[in-house]
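This report refers to the structure that appears directly beneath it.
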Amino acid sequence: MGELGIGLIGTGFMGRAHALAFRNVSAVFELPVRLHLAALADADSQRAEHCAAAWGFARAHGDWQRLIDDPAVDLVAITTPNHLHFPMAMAALKAGKAVYCEKPLAVSVEQAQQMQQAAKAAGVVTRVGYNYQHNPMIVQAKALIDSGELGEIVSFQGEFSEDFMAAPSSPFSWRCDPQHAGGALADLGSHLLAMARYLLGDIEAVCADTQTVHHQRPASAGSHERRPIAVDDQAHALLRFASGARGTCSSSWLKHGYKNHLSFEISGTRGTLAFDQERLNELRLYRAGDSGFQRLLAGPALPGYAAFSPAPGHQLGYNELKTLEVHELIMALGGHGQGGTDFAEALQVERLAAAIRLAAAEQRWVTL
Ligand SMILES: NC(=O)c1ccc[n+]([C@@H]2O[C@H](COP(=O)([O-])OP(=O)(O)OC[C@H]3O[C@@H](n4cnc5c(N)ncnc54)[C@H](O)[C@@H]3O)[C@@H](O)[C@H]2O)c1
């Protein structure tokens with residue numbers, strides 16, 4: 001069994017989630033390679049040192065290029081703000097290293113295209129952090145749809161709402177800078193668009209409306225200085241799938257009461273399936289003629305669940321989805337699978353988000 005050196009860039013929310021997944025994956029699954037936590041980088045070198053020691057990485061770097069140049073690193077995991085995905089992934093691909101990049105892939109379709117072309121030329125494995133698709137209940141939802149259980153699919157109603165920017169006093173962050181991110185659509189909507197494509201395939205036309213509700217926010221927490229906001233707080237879109245199904249997609253980071261409401265209802269000629277990430281161990285299924293919805297609960301009959309627990313109803317959580325995503329990635333690196341979102345698929349998500357922005361700006365349908 002060979003060894004795979006992991007290099008992780010970023011120690012924020014996602015940096016920790018990746019570190020947990022890389023640490024846990026070999027305890028949960030039989031892997032074709034042994035993982036070595038080779039290096040951790042962060043612009044804050046003291047934090048890099050601290051987290052490397054706490055999370056079990058052999059070395060810390062304050063300069064991400066040094067992590068990419070590190071011969072002990074075979075796979076580069078990128079968990080930095082969105083505008084840094086492009087330079088970091090391009091450098092890693094130039095060095096011939098596999099890349100696991102957080103979503104969304106980039107801040108423009110042009111960047112995403114270059115990243116996809118560089119990945120293709122390098123011939124390495126790439127994956128993007130659309131972790132919600134790795135939920136065993138989502139895998140089951142796809143199996144139910146593909147088996148025809150719901151009949152012909154006619155409708156997808158999707159929403160990803162949170163409320164972390166609901167208060168006008170929520171401060172400016174890199175997520176509010178159009179050069180660095182792209183608003184609620186890029187932050188949350190990208191997950192929903194990736195999910196819609198995963199479950200129902202290509203979307204060929206969109207019509208949309210985007211809105212900035214709070215036009216100024218404090219420059220930092222508690223500051224009296226105000227910064228203008230030029231990204232969307234909420235986006236609503238109509239979708240036409242290539243299959244003929246119709247749909248909706250909404251994303252908002254200011255919908256009070258919602259913390260991780262990635263949800264959808266998919267209905268077909270024979271039934272309806274509903275999911276909400278805030279209850280990620282459940283699906284609700286209605287078959288035509290039933291007296292009401294039945295609740296399907298995650299359990300060890302689903303392989304992704306069984307890997308963690310032999311007992312039904314004991315519940316997986318967000319970090320387990322990340323572990324499942326990393327498992328797919330390691331299997332692909334070992335030549336044993338193709339699951340997960342690669343740069344080519346993530347580029348399609350970027351095209352879709354760009355089409356939604358264009359449709360909103362020009363107030364018309366946009367065909368992809
Ligand atoms: N898949 C998911 O469910 C999910 C959830 C949250 C965030 N994300 C994505 O993860 C990425 C990071 O988001 P986050 O919430 O972890 O952000 P964050 O602000 O919590 O963390 C960003 C990290 O990047 C580091 N960083 C910034 N500039 C750097 C540089 N030049 N060199 C090295 N390190 C640098 C920061 O110091 C920080 O540790 C984003 O792309 C975001 O969209 C994905």
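Here the structure is a predicted model, which means the values were calculated and not measured. For the numbers below, each heavy atom of this structure counts, side chains included, while hydrogens, waters and symmetry mates do not. Both ligands and their constituent atoms are indexed starting at 1 by order of listing. Residues: numbered from 1 along the sequence shown.
Applying the side chain to side chain donor-acceptor pair (under 3.5 Å) test to pairs two or more places apart or on separate chains, those with a residue in residues 187-200 are Arg175-Asp187, Arg197-Asp202, Arg197-Glu345. For residues 87-99, no residue pair satisfies the side chain to side chain donor-acceptor pair (under 3.5 Å) rule, not counting sequence neighbours.
Qualifying ring-ring contact (aromatic ring centres under 6.0 Å, His included) partners for Tyr100, counting only residues two or more places apart in sequence or in other chains: His18.
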Give every pair made of an N or O atom of ligand 1 and a protein N or O atom lying under 3.5 Å apart, one pair per line with both atom names and the distance to 0.1 Å, or write 'none'.
| from | atom 1 | to | atom 2 | distance (Å) |
| --- | --- | --- | --- | --- |
| ligand 1 | 1 (N) | Glu102 | OE1 | 2.9 |
| ligand 1 | 1 (N) | Gly129 | O | 3.0 |
| ligand 1 | 1 (N) | Asn131 | OD1 | 2.7 |
| ligand 1 | 3 (O) | Asn131 | OD1 | 3.4 |
| ligand 1 | 3 (O) | Asn131 | ND2 | 3.3 |
| ligand 1 | 3 (O) | His191 | NE2 | 3.4 |
| ligand 1 | 3 (O) | Tyr318 | OH | 2.6 |
| ligand 1 | 15 (O) | Arg175 | NH2 | 2.9 |
| ligand 1 | 16 (O) | Phe13 | N | 3.3 |
| ligand 1 | 16 (O) | Met14 | N | 2.8 |
| ligand 1 | 19 (O) | Trp174 | NE1 | 3.1 |
| ligand 1 | 20 (O) | Phe13 | N | 3.1 |
| ligand 1 | 34 (N) | Ala43 | N | 3.2 |
| ligand 1 | 37 (O) | Asp42 | OD1 | 2.6 |
| ligand 1 | 37 (O) | Asp42 | OD2 | 3.2 |
| ligand 1 | 39 (O) | Thr11 | N | 3.0 |
| ligand 1 | 39 (O) | Thr11 | OG1 | 3.3 |
| ligand 1 | 39 (O) | Gly12 | N | 3.2 |
| ligand 1 | 39 (O) | Asp42 | OD2 | 2.6 |
| ligand 1 | 41 (O) | Thr80 | O | 3.3 |
| ligand 1 | 41 (O) | Asn82 | OD1 | 2.6 |
| ligand 1 | 41 (O) | His85 | NE2 | 3.0 |
| ligand 1 | 41 (O) | Lys103 | O | 3.1 |
| ligand 1 | 43 (O) | Asn82 | OD1 | 3.3 |
| ligand 1 | 43 (O) | Lys103 | O | 2.8 |
| ligand 1 | 43 (O) | Lys103 | NZ | 3.2 |

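A donor-acceptor distance shorter than 3.5 angstrom exists from the side chain of Arg127 to the backbone of Gly339, with no hydrogens or angles considered.
The aromatic rings of Phe160 and Tyr132 sit perpendicular, their planes meeting at an angle over 60°, well past the 30° parallel limit. Ring planes of Phe156 and Phe241: perpendicular class, angle over 60° (limits at 30 and 60°).
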